[in-house]
2 protein chains.
Amino acid sequence: MTLYHPATEEIELSAVLHALSDPQRLQIVRLLAAHDVPVPCGSLSLDVTKSTATHHFRVLREAGVVFQVPSGTSKLTTLRRADLDARLPGLLDAVLAASPVGAAPAFGRSVSEPATYAAAI
Amino acid sequence: MTLYHPATEEIELSAVLHALSDPQRLQIVRLLAAHDVPVPCGSLSLDVTKSTATHHFRVLREAGVVFQVPSGTSKLTTLRRADLDARLPGLLDAVLAASPVGAAPAFGRSVSEPATYAAAI
DNA sequence: TAGCTGGTACGATGAGCATCGTAGCATATT
DNA sequence: AATATGCTACGATGCTCATCGTACCAGCTA
């Protein structure tokens with residue numbers, strides 16, 4: 001039994017967006033992006049149990065976001081940066097550039113029209 | 001009762017990703033991006049019933065992706081391009097640049113290592 | 001006033017999913 | 001061989017969500 005990985009051309013936008021829309025998985029991707037070397041799944045400190053982590057890694061892998069190789073008792077995981085950039089240019093960069101979850105929000109009033117409407121209507 | 005719109009600073013990455021991860025909503029965003037003027041909801045030809053369309057428009061609006069103003073019996077909808085670009089730079093462009101659902105996939109073999117692995121392992 | 005039109009509200013339904021616990025299975029390590 | 005480690009498999013559970021039908025409401029129009 002081999003681990004399924006979609007080929008680069010098979011990576012689908014909605015699958016990637018769905019994979020990244022979960023906060024836990026987004027956190028995994030952020031942590032992976034911080035390392036440039038393959039990382040054992042267990043070395044990422046997550047707030048979920050092992051079985052839930054396995055589930056999230058599978059979702060990310062089957063969407064084409066990460067790549068996994070068995071290595072001894074562990075499994076090395078890397079971000080498929082090049083493939084994602086080739087298939088969905090700019091998407092991963094935009095997601096990683098977004099301020100992380102705990103960041104202090106900007107406090108100025110929005111200048112654009114829609115945000116103004118939100119307060120006015 | 002006023003329509004809720006998040007302010008620009010309140011737009012959350014995971015909410016936007018979740019809103020865009022549904023094919024119907026992705027299609028709505030693509031259609032809105034094709035027009036630069038406010039569009040009545042009903043003028044977009046969707047494959048769902050009215051109530052489902054209402055649901056999708058609300059998800060997009062509450063995530064901060066679109067902006068809606070009541071206008072007579074109708075409701076005008078626009079893409080919040082400027083706000084999204086300010087809060088999540090590059091994200092919308094990357095999503096819109098991705099090949100639409102029905103497009104013919106590239107046929108060359110992938111060069112990158114992970115895709116090669118997908119075929120080899 | 002009466003009717004039409006575009007959209008919403010509400011409930012129902014069926015599917016998917018995030019999460020967990022327990023059990024199991026490989027691969028080191030002793 | 002015995003144990004430890006890192007992960008997976010397999011339910012089970014409770015929640016979310018995409019979809020629909022029906023009823024309803026607010027504006028236009030005749």
Side-chain angles (χ1 to χ4, degrees), chain A residues 1-5 12-32 35 37-63 65-78 101 121, chain B residues 1-5 12-32 35 37-63 65-78 101 121:
Chain A
M1 201 221 70
T2 71
L3 293 177
Y4 170 73
H5 289 85
E12 285 195 17
L13 175 62
S14 31
V16 172
L17 291 175
H18 171 251
L20 296 179
S21 69
D22 183 272
Q24 293 290 339
R25 291 194 289 261
L26 200 51
Q27 181 67 10
I28 292 176
V29 169
R30 285 209 180 93
L31 292 173
L32 287 176
H35 305 72
V37 294
V39 168
C41 300
S43 79
L44 301 174
S45 58
L46 303 172
D47 299 348
V48 291
T49 61
K50 284 195 300 179
S51 42
T52 304
T54 298
H55 164 69
H56 285 316
F57 276 104
R58 183 173 52 223
V59 172
L60 288 171
R61 173 168 47 78
E62 293 181 348
V65 177
V66 305
F67 175 66
Q68 295 187 293
V69 205
S71 165
T73 82
S74 182
K75 185 178 286 187
L76 299 180
T77 303
T78 51
V101 175
I121 285 191
Chain B
M1 201 225 61
T2 70
L3 293 177
Y4 170 74
H5 289 86
E12 285 195 17
L13 174 61
S14 33
V16 173
L17 291 175
H18 171 249
L20 296 180
S21 69
D22 183 90
Q24 294 288 340
R25 290 195 289 261
L26 200 52
Q27 181 67 10
I28 292 176
V29 170
R30 285 209 181 93
L31 292 174
L32 287 176
H35 305 70
V37 293
V39 167
C41 300
S43 81
L44 301 173
S45 58
L46 302 172
D47 299 349
V48 292
T49 61
K50 283 195 301 181
S51 43
T52 304
T54 297
H55 164 68
H56 286 315
F57 275 104
R58 183 172 54 222
V59 172
L60 288 171
R61 174 169 48 78
E62 293 181 348
V65 178
V66 305
F67 174 66
Q68 295 188 293
V69 205
S71 163
T73 81
S74 181
K75 186 178 284 186
L76 300 180
T77 304
T78 50
V101 177
I121 286 190

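In the text below, chain A, chain B and the rest are named by the order of the sequence lines, each starting its count at 1.
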T52(B): partners by side-chain hydrogen bond (donor to acceptor under 3.5 Å, both in side chains), with sequence neighbours left out | T49(B)
Roughly how many Å is it from CD in Q68(B) to C1' in dG6(C), rounded to a whole number?
-> 13 Å
Taking the side chain of K75(B) as heavy atoms from C-beta outward, which of dT8(D), dT8(C), dG6(D) is closest to it?
-> dT8(C)
Length of the CG-P vector between L3(A) and dG6(D), whole Å = 18 Å
List for me each residue that meets side-chain hydrogen bond (donor to acceptor under 3.5 Å, both in side chains) alongside H55(B), sequence neighbours excluded, and say none if there are none.
-> none
Going by atom type alone, with no hydrogens or angles, which donor-acceptor pairs under 3.5 Å involve a side-chain atom of residues 12-24 of chain B and a protein atom two or more places apart or on another chain?
| unit_1 | atom_1 | unit_2 | atom_2 | d |
| --- | --- | --- | --- | --- |
| S21(B) | OG | H18(B) | O | 2.8 |
| D22(B) | OD2 | Q24(B) | N | 2.9 |
| D22(B) | OD2 | R25(B) | N | 3.3 |

Sequence-distant partners of S74(B), side-chain hydrogen bond (donor to acceptor under 3.5 Å, both in side chains), two or more places apart | none
Per-nucleotide protein contact string for nucleotides 17-27 of chain C (B base, S sugar-phosphate only, - none; heavy atom under 4.0 Å) = SSBBB-----B
Base, sugar-phosphate, or nothing for S74(A), non-hydrogen atoms under 4.0 angstrom?
-> sugar-phosphate
P70(A) vs L3(A) side-chain heavy atoms within contact, under 4.5 Å | yes
Nearest atoms (heavy-atom pairs only) where F57(B) meets V66(B) = O-CG2, 4.2 Å
Taking Watson-Crick and G-U wobble pairs with both distances under 3.5 Å, convert DNA chain D into its dot-bracket string, 5' to 3', dots for unpaired and | for cross-strand pairs.
-> ||||||||||||||||||||||||||||||
Return the value, rounded to whole Å, for the distance between atom CG of L60(B) and atom P of dG7(C).
-> 15 Å
Which residue, R58(A), R61(A), K75(A), forms the side chain to side chain donor-acceptor pair (under 3.5 Å) with Q68(A)?
-> R61(A)
Roughly how many Å is it from CG in L76(B) to C1' in dG6(C), rounded to a whole number?
-> 12 Å
Please state whether the phosphate of dG7(C), meaning OP1 or OP2, lies under 4.0 angstrom from any side-chain nitrogen or oxygen of R58(B).
-> no
By side-chain contact (heavy atoms from CB on, under 4.5 Å) - contacts of S43(B) (at least two apart) | V39(B), P40(B)
